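Reviewing the structure listed below.
Every value quoted in this text rests on a predicted model; they were computed, and no experiment measured them. Just so we're on the same page: letters track the sequence lines, and every chain starts at 1.
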Amino acid sequence: MSQRAKRKFFIAAFIIPTLVFFCVFTLYPIFRGIYISFFDWSGSAKNMDFIGLDNFHELLKDPIIWTAIKNDYFLVVGKVIGILLLATLFAIAITRLNIRGSSFYRVIFFIPNIISVVVIGVLWRYVYNPNMGFINSFLSLFKSEQVQTAWLGQENTAMWSLLWPSIWAGIGFYMILLIAAILSIPSELYEAADLDGASQGRQFWSVTLPLIWEQMKVSILHIVMTTLNGSFIIVWIMTEGGPDNATQVMGSYLYQMGFRQYHMGYAAAIGVLILILSFITTIVLQRLLRRETIELA
Amino acid sequence: MKQVLLSKTFRGDQVSATKQHPFYKMLTVLVLVLWTVAVLYPLIWTLLGALKDNQQFMLGKPWALPKFPLLWSNFTYVWETYGFGSYFLNSTIVTGASTLISLLLASTSAYILARFAFKGSGALYNLYLSAMMIPMILGLIPLFFLLNDLHLINKLFGLIVVYTASALPFGIFVLVGFFKTLPKELEEAASIDGAGYSRTYFTVMLPLAKSGLVSVGIMNALNIWNEYIMGTVFINDPSQYTLPVGIAIMQSEMQYRTEWGPLFAGLLLSMIPVIIIYVVFQRQIAEGVTAGAVK
């Protein structure tokens with residue numbers, strides 16, 4: 001074999017198996033999902049009727065999907081604000097404030113990120129449990145009578161109760177990202193700011209924030225993506241979308257429609273909706289968050 | 001360069017810090033301590049619950065410490081009666097196999113994409129990259145029917161296949177970046193010594209990429225160990241359940257058979273391996289997090 005043929009053979013041998021695997025088990029299902037969304041299909045081989053955009057028409061008239069979209073964006077906004085505020089505060093505290101035991105906090109705060117969402121969901125379900133959980137008994141310390149709130153069981157508290165564990169579970173990851181970003185800022189910049197007499201707060205706004213903006217942006221987009229695609233697992237484990245569909249999110253509704261009620265076409269249409277909304281949200285956010293990025297050579 | 005930076009980052013070094021108002025500093029420390037409690041208490045509470053019997057759960061005193069004698073039998077009970085032993089084994093098999101296969105498939109492609117430009121190599125890289133931005137839940141339904149046609153439903157091998165595929169984009173993305181940082185002279189030296197392409201790869205490049213492989217492998221292994229949704233959709237046979245699926249099933253059965261102590265013991269059992277991995281590979285995990293998100 002000539003040198004060129006050898007090279008070609010080597011490239012093919014290293015590229016093709018991976019690509020085939022990826023096409024069959026990642027790309028094909030996505031496109032097939034879009035295709036199915038144009039059909040009325042219960043999953044059995046025979047009855048697959050092309051119905052055009054009917055699933056989508058029906059979807060727009062379905063009150064539950066609107067609740068689901070609202071809930072998804074409630075979680076997106078709540079998580080972006082909650083996670084970024086705390087993760088930034090922690091990252092600054094750990095790197096910039098000379099606090100004793102800072103690496104201890106870094107190690108501890110990441111722990112929820114390595115635990116399965118299922119474990120987190122089940123655990124928090126019991127934390128919120130009206131009788132056995134410690135939230136109510138903690139609140140009871142400040143009140144004369146026993147608090148009996150069913151946090152996950154009533155519509156006005158359920159979504160907020162789902163938001164908290166989502167924030168709890170997410171902070172460590174973004175904190176680590178921001179810590180790395182802050183530590184890559186040259187210390188001369190802070191020394192210069194010190195010489196100019198800039199306060200800690202001033203240094204945050206004028207040095208740290210502009211220089212970690214890129215990572216903040218990545219974090220926001222990442223939270224949005226993972227929430228729209230993955231928040232339904234914690235919802236499914238903690239409330240199954242209830243009470244009365246009040247905590248349904250798009251993903252949990254897809255799961256319910258597909259694998260509980262066997263409306264495969266309708267479920268696929270929900271999947272396409274998730275895809276579209278993720279794209280739109282990402283593009284809009286990228287526009288909104290655009291800002292002169294400062295590159296340090 | 002990146003490696004240097006990261007290793008500095010995660011040894012806990014601090015950059016020079018400014019003097020600040022003691023009040024704000026105390027306030028910050030207070031917040032840090034409160035969050036430490038918020039993170040650790042639910043976990044400690046799980047441990048305490050795992051040692052209680054139903055009577056103690058019903059008392060309505062969630063703060064109370066478990067009574068003696070501690071019910072360590074809750075652990076053996078879930079392990080044997082609830083099949084956590086087999087869930088554990090299944091999770092280990094699936095996680096181990098998927099992580100290794102995906103490392104092999106991702107690293108070979110990443111090496112080519114980093115070193116051997118060919119027509120369309122840039123497009124291929126972008127294709128893998130964009131897969132990280134696509135909501136995979138859309139593919140869940142077709143994937144179910146695909147596995148069904150391949151007779152891979154209710155088989156651990158089916159899960160291994162889909163987990164391997166889902167781990168590829170992240171692995172390729174990080175490892176392409178990694179291979180690009182390695183000096184080219186090494187390959188040239190190997191080729192002068194007469195080593196062929198694949199021998200150069202397996203004997204020279206792969207060992208050099210070890211730290212990148214470890215980071216990617218651990219990140220993927222954690223994700224796979226914790227994965228629930230594909231596990232629950234593709235596996236309906238209790239003997240093939242993975243841990244997250246088993247826990248979710250056990251939790252849903254709690255309405256009929258109330259065994260809270262064993263449930264908490266099960267939660268804890270499933271967390272132990274990841275916490276050990278985290279303690280041992282803390283730095284590699286932190287590097288995996290940053291490597292994956294730096295665009």
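Environment of CZ in A/Arg7: crowded, with over 12 heavy atoms of neighbouring residues, nucleotides or ligands closer than 6.0 Å. No more than 12 heavy-atom neighbours from other residues, nucleotides or ligands sit within 6.0 angstrom of CZ on A/Phe138.
The distance from the OG1 atom of B/Thr36 to the CZ atom of A/Phe90 is 8.0 Å, given to the nearest 0.5 Å. Atom CD1 of B/Ile229 is separated from atom CG of A/Asn229 by 12.5 Å, given to the nearest 0.5 angstrom. For the atom pair CG of A/Leu123 and CD of B/Gln251, the computed distance is 11.0 Å after rounding to the nearest 0.5 Å. Taken from CZ in A/Phe279 to CD1 in B/Ile134, the straight-line distance is 5.5 Å, to the nearest 0.5 Å. Atom-to-atom distance recorded for A/Arg32:CZ and B/Leu143:CG is 12.5 Å, nearest 0.5 angstrom. Residue A/Ile179 holds its CD1 atom at 10.5 Å from OG1 of B/Thr290, rounded to the nearest 0.5 Å.
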Exercise for the section: Decide side chain to side chain contact (heavy atoms under 4.5 Å, CB included) for A/Tyr105 and B/Val39; before the verdict, give the C-alpha distance in whole Å, the side-chain angles of both, and the deciding distance to 0.1 Å. Expected result: CA-CA 10 Å; A/Tyr105 296 117; B/Val39 167; over 6 Å; no
Handout entry: Worked check of side chain to side chain contact (heavy atoms under 4.5 Å, CB included) between B/Val289 and A/Tyr174
Key = CA-CA 9 Å; B/Val289 168; A/Tyr174 302 98; over 6 Å; no
Practice task
Check step by step if side chain to side chain contact (heavy atoms under 4.5 Å, CB included) holds for B/Ile137 and A/Phe232.
Solution key: CA-CA 10 Å; B/Ile137 181 168; A/Phe232 74 96; 3.5 Å; yes
Exercise for the section: For B/Tyr111 and A/Ile11, run side chain to side chain contact (heavy atoms under 4.5 Å, CB included): C-alpha distance rounded to whole Å, both residues' side-chain angles, the deciding distance at 0.1 Å, then the answer. Expected result: CA-CA 9 Å; B/Tyr111 178 57; A/Ile11 291 178; over 6 Å; no
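Annotation: maximal heavy-atom pairing with chain A below 4.5 Å, among B/Leu147, B/Leu222, B/Leu263, B/Leu243, occurs at B/Leu263. Interface remark: of the candidates B/Asn223, B/Val162, B/Thr164, B/Leu104, B/Thr164 forms the most heavy-atom pairs closer than 4.5 Å to chain A. Considering only heavy-atom pairs separated by less than 4.5 Å from chain B, the leading option among A/Thr282, A/Ile270, A/Asn131, A/Ile233 is A/Ile233. Considering only heavy-atom pairs separated by less than 4.5 Å from chain B, the leading option among A/Ser137, A/Gly33, A/Pro130 is A/Ser137. Heavy-atom pairs under 4.5 Å with chain A were tallied for B/Phe264, B/Tyr228, B/Trp45; the largest tally goes to B/Trp45. In terms of heavy-atom pairs under 4.5 angstrom with chain B, the leader among A/Gly230, A/Ala13, A/Gly133, A/Ala193 is A/Gly133. Ranking A/Val107, A/Leu89, A/Ile16 against chain B, the residue ahead of the rest is A/Val107, based on heavy-atom pairs under 4.5 Å. Taking B/Phe118, B/Trp225, B/Trp260 one by one and counting their heavy-atom pairs under 4.5 Å with chain A, the maximum is reached by B/Trp260.
Contact check for B/Tyr197 versus A/Phe14: no side-chain heavy atoms found under the 4.5 Å cut-off. The shortest side-chain heavy-atom distance between A/Val119 and B/Thr46 does not fall under the 4.5 Å cut-off. In this structure the side chain of B/Leu138 never reaches within 4.5 angstrom of the side chain of A/Ile274, judged on heavy atoms. With contacts defined as side-chain heavy-atom distances shorter than 4.5 Å, the pair A/Phe110/B/Gln282 does not qualify. In this structure, the side chains of A/Val122 and B/Leu267 come closer than 4.5 Å at one or more pairs of heavy atoms. For the pair B/Leu127/A/Leu27, a side-chain contact is recorded, criterion being any heavy-atom separation below 4.5 Å from C-beta on. Considering only heavy atoms from C-beta on, B/Pro142 comes within 4.5 Å of A/Ile36 through its side chain. Looking at heavy atoms from C-beta onward, B/Leu105 lies out of side-chain contact with A/Phe22 at the 4.5 angstrom threshold.
Of all the heavy atoms in A/Trp124 and B/Pro42, the pair that sits closest is CZ2-CG, 4.2 Å. In plain terms, the two heavy atoms of B/Gly139 and A/Pro29 that are nearest each other are O-CB, 3.6 Å. Looking at every heavy atom in both residues, A/Tyr255 comes nearest to B/Val233 through CE1-CG2, 3.5 Å. For B/Pro135 against A/Ile30, the heavy-atom pair with the smallest separation is O-CD1, 3.9 Å. In plain terms, the two heavy atoms of B/Leu32 and A/Ala93 that are nearest each other are CD1-CB, 4.0 Å. The nearest pair of heavy atoms linking A/Gly43 to B/Phe145 is O-CE2, 3.2 Å.
In this structure, the portion of A/Leu86 lying under 4.5 Å from any heavy atom of chain B is its side chain and not its backbone. Heavy-atom distances place both the backbone and the side chain of B/Val161 under 4.5 Å from chain A. Within the 4.5 angstrom heavy-atom criterion, only side-chain atoms of B/Ser270, from C-beta onward, approach chain A. For B/Leu146, the part lying under 4.5 angstrom from a heavy atom of chain A is the side chain only. Only the side chain of A/Ile171 comes within contact range of chain B, judged by heavy atoms closer than 4.5 Å. Looking at B/Leu140, both its backbone and its side chain come within 4.5 Å of chain A, counting heavy atoms on both sides. In this structure, chain A has a heavy atom under 4.5 Å from the side chain of B/Ile112, while its backbone stays farther away. Contacts between B/Leu168 and chain A at a heavy-atom distance below 4.5 Å involve the side chain alone, from C-beta outward. Only the side chain of A/Tyr28 comes within less than 4.5 Å of a heavy atom of chain B; its backbone N, CA, C and O stay farther away. Contacts of B/Leu269 with chain A are absent, with no heavy-atom separation under 4.5 Å from either backbone or side chain. With a 4.5 angstrom heavy-atom cutoff, B/Ile277 does not touch chain A via any of its atoms. For a residue to count as touching a neighbouring chain, one of its non-hydrogen atoms must lie under 4.5 Å from one of that chain's; by this rule B/Leu40 touches chain A with the side chain only. Residue A/Met225 touches chain B through its side chain alone, counting heavy-atom pairs closer than 4.5 Å. If you measure heavy-atom distances from A/Ser278 to chain B, the contacts under 4.5 Å come from the side chain alone. Looking at A/Leu221, there are no atoms closer than 4.5 Å to chain B (heavy atoms on both sides), in backbone or side chain.
Classified by interplanar angle (parallel below 30°, tilted 30° to 60°, perpendicular above 60°), the ring pair A/Trp164/B/Trp35 is perpendicular.
Between the B/Thr108 side chain and the A/Ile15 main chain, no donor and acceptor come within less than 3.5 Å of each other. Judged by distance alone, with hydrogens and angles left aside, the side-chain atoms of A/Trp168 form a donor-acceptor pair with the main-chain N or O of B/Ala38 at under 3.5 Å. Side chain of B/Asn226 to main chain of A/Ile114: a donor-acceptor pair is present (N/O by atom type, distance under 3.5 Å, no hydrogens or angles).
Here B/Phe116 and A/Phe10 bring their ring centres to under 6.0 angstrom of each other. Taking the six-membered ring for Trp, B/Phe144 and A/Phe259 have ring centres closer than 6.0 Å.
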